[in-house]
Amino acid sequence: MKLGIIRCMQTEDYCPGTTDFKAIKDKIGAFADEDDIELVGFTNCGGCPGKRAVLRARLLKSRGADTIAFASCISKGTPIGYPCPFAKRMRDLVQKEVGDSVRILEYTHDAGPETEETQK
């Protein structure tokens, strides 16, 4: 799998992506059934309402991504407890842009260490 991750721009101050990278390394969460994972890009959505997600997905695909994951901050609201209200629309637009040859993952991991306690 050649993976590109799109994350929420609003959570960048709270989360450096550590749990996303750990999920890839340990093959847990959305990556549980994967053998070989190469991360080709890690970028944000461009801000609400995900206005640059399509452009970022196009760029990830051009860099070789055959899978694009929306980080758990978008779908699950990790770590701020607020899922993106634009997540479904953003996923639909990205899938339309990159086509069926690119798999879309709706999340990267379950809850991780980015809790209120670790943000202090």
Side-chain angles (χ1 to χ4, degrees):
M1 164 193 294
K2 291 188 179 217
L3 174 67
I5 296 178
I6 298 175
R7 65 172 309 161
C8 170
M9 189 170 129
Q10 301 301 318
T11 62
E12 286 181 336
D13 292 339
Y14 298 100
C15 171
T18 306
T19 307
D20 299 307
F21 302 134
K22 183 170 176 37
I24 293 166
K25 179 180 169 255
D26 295 344
K27 296 186 173 82
I28 58 174
F31 312 108
D33 296 326
E34 298 300 325
D35 291 326
D36 186 33
I37 305 168
E38 176 187 343
L39 184 63
V40 299
F42 186 79
T43 188
N44 68 48
C45 64
C48 296
K51 56 190 167 214
R52 293 188 180 120
V54 169
L55 299 173
R56 306 280 165 86
R58 186 184 308 152
L59 182 60
L60 291 168
K61 183 178 177 182
S62 76
R63 301 288 169 99
D66 58 25
T67 304
I68 294 176
F70 284 92
S72 292
C73 49
I74 291 177
S75 60
K76 296 184 176 200
T78 307
I80 61 174
Y82 185 74
C84 175
F86 309 105
K88 182 180 180 341
R89 179 75 174 138
M90 196 174 4
R91 278 192 312 271
D92 291 347
L93 289 170
V94 164
Q95 185 71 76
K96 182 178 177 185
E97 173 65 26
V98 297
D100 293 335
S101 65
V102 175
R103 182 170 62 155
I104 302 293
L105 302 177
E106 295 191 20
Y107 74 105
T108 50
H109 61 83
D110 296 316
E114 303 102 348
T115 64
E116 256 182 61
E117 189 61 34
T118 60
Q119 293 172 15
K120 294 179 183 174

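As a basis for the values below, the full set of heavy atoms in this structure was taken, side chains included, without hydrogen atoms, waters or symmetry mates.
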Quiz prompt | Pairwise side-chain contact, Ser75 with Tyr107, heavy-atom cut-off 4.5 Å (strictly under) | solution = yes
Quiz item: Between atom CG of Leu55 and atom CG of Leu93, what is the distance when rounded to the nearest 0.5 Å?
Solution: 11.0 Å
Self-check item: Inter-residue atom distance Glu106.CD - Lys88.NZ, 0.5 Å rounding
Solution: 9.0 Å
Quiz prompt | For the student: nearest non-hydrogen atoms of Asn44 and Cys8, plus distance | solution = CB-C, 4.4 Å
Quiz item: In Å and rounded to the nearest 0.5 Å, what is the CD1 to OG1 distance from Ile24 to Thr108?
Solution: 7.5 Å
Quiz item: Of the non-hydrogen atoms in Gly4 and Ala65, which two are nearest, and what is the gap between them?
Solution: N-CB, 4.0 Å
Practice problem: Would you indicate whether Glu34, at its atom CD, is surrounded by more than 12 heavy atoms from other residues, nucleotides or ligands within a distance under 6.0 Å? | Solution: yes
Quiz item: What closest approach, in Å, do Ala53 and Ile6 show between heavy atoms, and which atom pair accounts for it?
Solution: O-CD1, 3.9 Å
Quiz prompt | Donor-acceptor contact below 3.5 Å, side chain Arg7 vs main chain Cys15 | solution = yes
Exercise. Would you check if the side chain of Gln95 reaches a backbone N or O of Val102 as a donor-acceptor pair within less than 3.5 Å?
Key: yes
Quiz item: Does Met1 reach the side chain of Phe31, with side-chain heavy atoms less than 4.5 Å apart?
Solution: yes
Quiz item: If you round to the nearest 0.5 Å, how far is SG of Cys73 from OH of Tyr14?
Solution: 12.5 Å
Quiz item: Between Val54 and Leu60, is there a shared hydrophobic cluster once you connect ILVMFWY residues whose side-chain heavy atoms come closer than 4.5 Å?
Solution: yes
Quiz item: Checking salt bridge (Lys or Arg N to Asp or Glu O under 4.0 Å) against Glu97, which of Arg56, Arg58, Lys61 comes through?
Solution: Arg58
Practice problem: Please report the closest heavy-atom contact between Ser72 and His109, naming both atoms and the distance. | Solution: OG-O, 2.5 Å
Quiz prompt | Separation between CE of Met9 and CG of Asp13, rounded to the nearest 0.5 Å | solution = 9.0 Å
Quiz item: Is it true that atom NZ of Lys27 has more than 12 heavy atoms of other residues, nucleotides or ligands lying nearer than 6.0 Å?
Solution: yes
Quiz item: So which heavy atom on Cys48 is nearest to which on Phe86, and how close?
Solution: CB-CE1, 4.2 Å
Exercise. Give, for atom CD of Glu38 and atom CG of Asp66, the distance between the pair rounded to the nearest 0.5 Å.
Key: 9.5 Å
Practice problem: Please report the closest heavy-atom contact between Ile68 and Val94, naming both atoms and the distance. | Solution: CD1-CG1, 4.4 Å
Quiz item: Has the side chain of Thr67 got a donor or acceptor atom that lies under 3.5 Å from a matching backbone atom of Leu3?
Solution: no
